[in-house]
Amino acid sequence: MKNLFDFPKELLAELHAARHVTVLTGAGTSAESGVPTFRDAQTGLWAQYDPEELATPEAFQHNPKLVWDWYAWRRQLVARAEPNPGHYALVELEKLVPKFTLITQNVDSLHQRAGSSRVIELHGNISRIICSKERTVIQNWDDNNDCPRCPFCNNLLRPDVVWFGETLPPDALMAAYHAAQHCDVFLCIGTSGLVQPAASLPAAAIHNNIMTVEINPDTTPLSPHADYHLKTPSGRVLPALVTALKNYTP
Ligand code: BJW
């Protein structure tokens, strides 16, 4: 297959030689699956709400039904979405390198559904429902109820995601930092790099002189510091990058 992208030879050489590749993904990776990015304008029913204002414990406390309904809508949306060629290319890349760490800020399971293994989920998973008090995972709940409640303790149920002001799962964060600091190539894909602490992971790689590649059609705070910025949607450029890597001869 002819590769339409002319990747720098140094980039392919580093990727070819890499023993450990670490990837951080954000909402842009799922954009071509029809999942809206976090900071894109929402359409339709939810256009009047700012996602940043709904993804907080305060919003849930103030108006649990609004927050539950917003997540229920998004849960259905991601359940209907399919992984895109970018997700599948990352599965291929995992097979090409000796060690591969995939860290995602996404809560949509699309990497796992594409076939990626050992995905580090920094911000949880929208499909998992937990008790807001005891954090027990709940499999069945009564959706006829305005705001479903825990069958064990009657507290409100919520999605198992990380809201602003909440801490990230410590084991996932530690593993993510370790992988960012100890890889040979770091790829940062489809994230605005505005939300901490995930946004510090590329900086941790750069601090350790690790080659850093950004894939994003837009410019972000990372762009001036990355070794390469591939300004193309990930669903287009990742399959081409994997093909180029397979065809690469040193
Ligand atoms: C494409 C594309 C295509 C489009 N191909 N690309 C230090 C300094 C300042 C503030 C803080 C700090 N430390 C902590 C904070 C506070 C806060 C924070 O970062 N605030 C900032 C907004 C300033 N962080 C937290 O509260 C975190 N907790 C924490 O740190 O605990 C300790 C602590 C607490 C309190 C104080 C201090 C310390 C928790 C953050 C949790 C984030 N949660 C969310 C919601 C998850 C659940 C849900 O989905 O509803 O996670 S918010 C939202 O943002 C979501 C995302 O995972 C996250 C990142 O967004 P992402 O993925 O980057 O998406 P977008 O939309 O921003 O960007 C998409 C990009 O894709 C764009 O660039 C496009 O160009 C690109 N794109 N199409 C490739 N086809």
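As a basis for the values below, the full set of heavy atoms in this structure was taken, side chains included, without hydrogen atoms, waters or symmetry mates.
Here the straight-line distance linking atom CG of Leu241 with atom OG of Ser234 works out to 11.5 Å at 0.5 Å rounding. The line from CD1 of Ile206 to SG of Cys188 is 9.0 Å long, rounded to the nearest 0.5 Å. Put simply, CD on Gln139 and CZ on Arg128 are 10.5 Å apart, with the number rounded to the nearest 0.5 Å. For the atom pair Asn208 CG and Phe186 CZ, the distance stands at 11.5 Å (nearest 0.5 Å). Note that CG of Leu122 is 6.5 Å distant from CD of Gln105, once rounded to the nearest 0.5 Å. Interatomic distance, Arg149 CZ to Ile138 CD1, rounded to the nearest 0.5 Å: 13.0 Å.
With His87 contributing its side chain and Asn84 its backbone, the two residues share a donor-acceptor pair below 3.5 Å. Judged purely by atom type and a 3.5 angstrom limit, His229 uses its side chain to pair as donor or acceptor with the backbone of Asn216. A donor-acceptor pair under 3.5 Å is absent between the side-chain atoms of Asn155 and the main chain of Lys133, judged by distance alone. Side chain of Ser223 to backbone of Thr220: a donor-acceptor contact under 3.5 angstrom is found. Of the possible donor and acceptor atoms, none in the side chain of Asn106 sits under 3.5 Å from a partner among the backbone N and O of Asp108. Distance alone, capped at 3.5 Å, places no donor-acceptor pair between the Ser116 side chain and the Gln112 backbone. Using modelled atom types, no side-chain atom of His178 and backbone atom of Met174 make a donor-acceptor pair closer than 3.5 Å.
Considering only heavy atoms from C-beta on, Thr25 stays 4.5 Å or farther from Thr191 through its side chain. Side-chain contact between Asp142 and Pro148 is absent, with no heavy atoms from C-beta onward closer than 4.5 Å. Under the 4.5 Å side-chain criterion, counting only non-hydrogen atoms from C-beta, Leu230 is not in contact with Glu214. By the 4.5 Å heavy-atom criterion applied to side chains, Pro51 and Arg39 are not counted as neighbours. Between His123 and Leu168, the closest side-chain pair of non-hydrogen atoms falls below 4.5 Å. By the 4.5 Å heavy-atom criterion applied to side chains, Leu96 and Leu245 are counted as neighbours. Using a 4.5 Å heavy-atom cutoff, the side chains of Arg74 and Ile126 are in contact. Within the 4.5 Å cutoff, no side-chain heavy atoms of Leu157 are placed close to those of Ser132.
Between Phe60 and Trp163, the ring planes lie tilted relative to each other; the angle falls in the 30° to 60° range.
No hydrogens or angles considered: nothing links the side chains of Glu121 and Thr104 as a donor-acceptor pair under 3.5 Å.
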Could you check Glu134 against Cys153 for side chain to side chain contact (heavy atoms under 4.5 Å, CB included), going step by step and ending with a plain yes or no?
CA-CA 8 Å; Glu134 294 170 341; Cys153 68; 3.8 Å; yes
Check the pair Arg113, Glu82 against salt bridge (charged side-chain N to carboxylate O under 4.0 Å, His left out), reporting the backbone distance first and the verdict last.
CA-CA 8 Å; Arg113 283 174 52 202; Glu82 293 295 335; 3.6 Å; yes
Before you tell me yes or no, could you show the steps for Val185 and Ile210 under side chain to side chain contact (heavy atoms under 4.5 Å, CB included), namely the whole-Å CA-CA distance, both residues' side-chain angles and the distance that decides it to 0.1 Å?
CA-CA 6 Å; Val185 178; Ile210 291 163; 5.5 Å; no
Set out, in order, the CA-CA distance, both residues' side-chain angles and the distance that settles side chain to side chain contact (heavy atoms under 4.5 Å, CB included) for Arg236 and Glu32, then state yes or no.
CA-CA 9 Å; Arg236 286 183 51 211; Glu32 287 151 278; 4.3 Å; yes
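Annotation: Arg19, atom CZ; neighbour count of heavy atoms from other residues, nucleotides and ligands within 6.0 Å does not exceed 12. Within a 6.0 Å radius of CG in Asn154, other residues, nucleotides and ligands contribute more than 12 heavy atoms.
When all heavy atoms of Phe38 and Glu52 are compared, the closest pair comes out as CE2-N, 4.2 Å. Minimum interatomic distance between Val162 and Gly124 (heavy atoms only, all atoms of both residues): CG2-N, 4.3 Å. Of all heavy-atom pairs between Pro64 and Cys147, the closest is C-SG, 3.8 Å. The two residues His111 and Val119 have their closest heavy-atom pair at CB-CG2, 4.1 Å. Across all non-hydrogen atoms, the minimal contact from Gly235 to Pro85 is O-CB, 3.5 Å. The minimum heavy-atom distance between His16 and Pro250, with the atom names listed, is NE2-CG, 3.7 Å.
A cation-pi arrangement is absent between Arg158 and Trp141, since the terminal nitrogen or guanidinium carbon is not both under 6.0 Å from the aromatic centre and inside a 45° cone about the axis.
Residues Ile120 and Val107 do not share a hydrophobic cluster, clusters being chains of Ile/Leu/Val/Met/Phe/Trp/Tyr side chains in contact below 4.5 Å. Cluster membership check: Leu11 shares its hydrophobic cluster with Ile215, using side-chain heavy-atom separations under 4.5 Å among Ile, Leu, Val, Met, Phe, Trp and Tyr. Both Val161 and Leu156 are assigned to one and the same hydrophobic cluster, defined by single-linkage of ILVMFWY side chains at heavy-atom distances under 4.5 Å. Residues Val78 and Leu54 fall within the same hydrophobic cluster, defined by Ile, Leu, Val, Met, Phe, Trp and Tyr side chains chained together at heavy-atom separations under 4.5 Å. Residues Val97 and Ile189 share a single hydrophobic cluster, defined by chaining ILVMFWY side chains whose heavy atoms lie under 4.5 Å apart.
The only member of Ile130, Ile129, Asn125 that meets side chain to side chain contact (heavy atoms under 4.5 Å, CB included) when paired with Asp160 is Ile130. Between Val23 and the options Thr101, Leu90, Thr29, a side chain to side chain contact (heavy atoms under 4.5 Å, CB included) holds for only Leu90.
Summarising the hydrophobic clusters (Ile, Leu, Val, Met, Phe, Trp, Tyr; side-chain heavy atoms under 4.5 Å, direct or chained), the residues clustered with Phe164 are Val195.
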